[in-house]
Asker: 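Quick one: structure below, then a few questions.
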There are 2 protein chains.
Amino acid sequence: MNGIAKRVAAFESQLRKAGLRMTQQRRLILRILAESDDHPDAKGIFSRAFACDPTLSLSTVYRTMKLLETQGAIERHAFQDGVSRYEHADQDHHDHLIDVETGAVVEFSSPEIEALQAKIASELGYEIVRHRLELYGRKLPAPSRRKARA
Amino acid sequence: MNGIAKRVAAFESQLRKAGLRMTQQRRLILRILAESDDHPDAKGIFSRAFACDPTLSLSTVYRTMKLLETQGAIERHAFQDGVSRYEHADQDHHDHLIDVETGAVVEFSSPEIEALQAKIASELGYEIVRHRLELYGRKLPAPSRRKARA
DNA sequence: CCGCTCTTGCAAATGAGTATCGATAGAGTT
DNA sequence: AACTCTATCGATACTCATTTGCAAGAGCGG
């Protein structure tokens, strides 16, 4: 009991206010998302949810993701593999480092970079609406730790 | 002699080495790209090239873009409008600021940000292979640089 | 000029995501 | 619990960028 039930409840009241309904499908997808700490795509969410409810359709996942996004409950990212990936939005702003070999996603944040971005934009006569910063990297051999039998 | 013919020639010898052919279509597309200082998508390149050679097909543009990309002659960018946009690669590294209202693309570069990226990556145990930094902004009304407070 | 095979144009195929539509099921009311 | 209203669902058709299969065509070394 965790943030999960809390998030679902918060979203439920948010929906109510908008005259929308909290359906079984939305509850399920929301739970899947809240339980995920990676960045699944629509298919990934679908297959996890399908395991719980085999009547669920992929359309509903897409619809729900769009709804959740416009409600600000999740964030959508389009990394360079082309598909949209999602994560719940109730956390601090951060950017992503994607392991080019495994596809693993590491989150990080850098106030210094943010500040530089704002400075650059204003020098060019713009104010930033949003930004996208993705680092694609390869894991370095651990420098301080000896591998057992390298 | 402009860089254009030079680039085409350089690419031609690069192809030769790979056992590939310098066809009319490739020559044309390459010239279009070299002459462009914006970031056209496949359709845009196609329509510019089609004006010179109405027998050209869109498939060929896509195929050629892929070839040019793997040969390192161009760079492909996927901004948030969904389509792939291209630019020739024989220039300094830079990032992009996209005007959210007009779609205009402004190029900029920031060694400070690059340095911070490298630092962050190495702290996370990674070396950067490539990165993607896009600022989405709105043009500020006042071109003056007076700051009320700061 | 020959011929090998890389390339092309066309059309059909993919694949992510969206729209349509009849059927279903939330949720307030009684 | 029954009733009603309509948001939502599942299935399916569709869009749009990009890719691919294939037969005809064109580089280029000889």
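The sequence lines fix the lettering, A, B, ..., with proteins before strands; numbering per chain opens at 1. No hydrogens, no waters, no symmetry mates; every other heavy atom, side chains included, goes into these values. Predicted, not measured: the structure shown is a model, and the values here were computed from it.
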Asker: Is the phosphate of C:dG9, meaning OP1 or OP2, less than 4.0 Å from a side-chain N or O of B:Q25?
Answerer: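 Answer is yes, contact under 4.0 Å.
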Asker: Examine distances only and state if a side-chain atom of A:R76 and a backbone atom of A:R85 form a donor-acceptor pair shorter than 3.5 Å.
Answerer: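 No, A:R76 side chain to A:R85 backbone: no donor-acceptor pair under 3.5 Å.
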Asker: Near DNA chain C, under 4.0 Å by heavy atom, which residues of residues 13-23 of chain A?
Answerer: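 Those residues whose heavy atoms fall under 4.0 Å from DNA chain C, taken from residues 13-23 of chain A in numerical order, are A:R16, A:R21, A:M22.
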Asker: For B:D81 and D:dT15, give me the distance from atom CG to atom P, rounded to whole Å.
Answerer: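 These atoms are roughly 21 Å apart.
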Asker: Quick one: does any side-chain atom of A:H94 pair with a main-chain N or O of A:E107 as donor and acceptor, under 3.5 Å?
Answerer: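 A pair under 3.5 Å: no.
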Asker: Taking only N and O in the side chain of A:K66, is any of them less than 4.0 Å away from OP1 or OP2 of C:dA19?
Answerer: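 Checking C:dA19 against A:K66, a side-chain N or O does come within under 4.0 Å of OP1 or OP2.
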Asker: May I ask you to verify if any side-chain N or O of B:R26 is less than 4.0 angstrom from the OP1 or OP2 atom of C:dT7?
Answerer: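 Answer is yes, contact under 4.0 Å.
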Asker: Would you kindly check if the NZ (Lys) or CZ (Arg) of A:R130 is within the cone defined by 45 degrees around the ring axis of B:Y136 and under 6.0 Å from the six-membered ring centre?
Answerer: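 Ring-cation test returns yes.
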Asker: Can you measure B:I29 atom CD1 to C:dT8 atom C1' for me and round it to whole angstrom units?
Answerer: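 In whole Å, C:dT8 C1' lies 11 Å from B:I29 CD1.
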Asker: Quick one: A:L67 CG to C:dT18 P, roughly how many Å, whole number?
Answerer: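 To the nearest whole Å, that distance equals 13 Å.
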Asker: Nearest-Å distance, CG (B:L28) to P (D:dG27)?
Answerer: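 Going from CG in B:L28 over to P in D:dG27 covers 13 Å.
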Asker: So, A:T23 side chain and A:R26 main chain: donor-acceptor pair closer than 3.5 Å or not?
Answerer: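 Here the side-chain-to-backbone pair exists.
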Asker: Tell me: CZ of B:R63 to C1' of C:dG9, nearest whole Å?
Answerer: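 Value for this atom pair: 7 Å.
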Asker: Strictly distance-based, threshold 3.5 Å: is any side-chain N or O of B:S36 a donor or acceptor partner for the main-chain N or O of B:D38?
Answerer: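 Checking the backbone N and O of B:D38 against the side chain of B:S36, no donor-acceptor pair under 3.5 Å is found.
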Asker: Taking atom types as modelled, find out whether B:H96 and B:E134 have a side-chain donor-acceptor pair closer than 3.5 angstrom.
Answerer: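 Side-chain D/A pair, B:H96 to B:E134: absent.
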Asker: Measure the NE2-CG distance between B:H93 and B:D95 for me, rounded to the nearest 0.5 Å.
Answerer: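 B:H93 NE2 to B:D95 CG: 4.0 Å, rounded to 0.5 Å.
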Asker: If we ignore angles and hydrogens, is there a donor and acceptor under 3.5 Å between the side chains of B:D99 and A:Y126?
Answerer: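 A pair is found: one side chain offers a donor N or O, the other an acceptor, under 3.5 Å apart.
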Asker: Which comes earlier along DNA chain D counting from the 5' end, the contact point of B:D41 or that of A:D53, where each point is its nearest nucleotide?
Answerer: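 Upstream on the strand: A:D53.
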Asker: What's the spacing between A:I29 CD1 and A:Y86 OH if we round to 0.5 Å?
Answerer: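 Result: 10.5 Å between the selected atoms.
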Asker: Between the side-chain atoms of A:S59 and the base atoms of D:dT12, is any donor-acceptor pair under 3.5 Å?
Answerer: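 Yes.
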Asker: Could you tell me the separation between the CZ atom of B:F46 and the P atom of C:dT8, rounded to a whole number of Å?
Answerer: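 The answer, rounded to whole Å, is 14 Å.
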Asker: Whole Å only: how far is the CG atom of B:L56 from the C1' atom of C:dG9?
Answerer: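 Answer to the nearest Å: 9 Å.
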Asker: Mapping B:L58 and A:R27 to their closest nucleotides on DNA chain C, which lands nearer the 5' end?
Answerer: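 Upstream on the strand: B:L58.
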Asker: Are there any protein N/O atoms within less than 3.5 Å of an N/O atom in nucleotides 13-16 of chain C, and if so, which ones and at what distance?
Answerer:
unit_1, atom_1, unit_2, atom_2, d
C:dA16, OP1, A:K43, NZ, 3.4
C:dA16, OP2, A:K43, NZ, 2.6

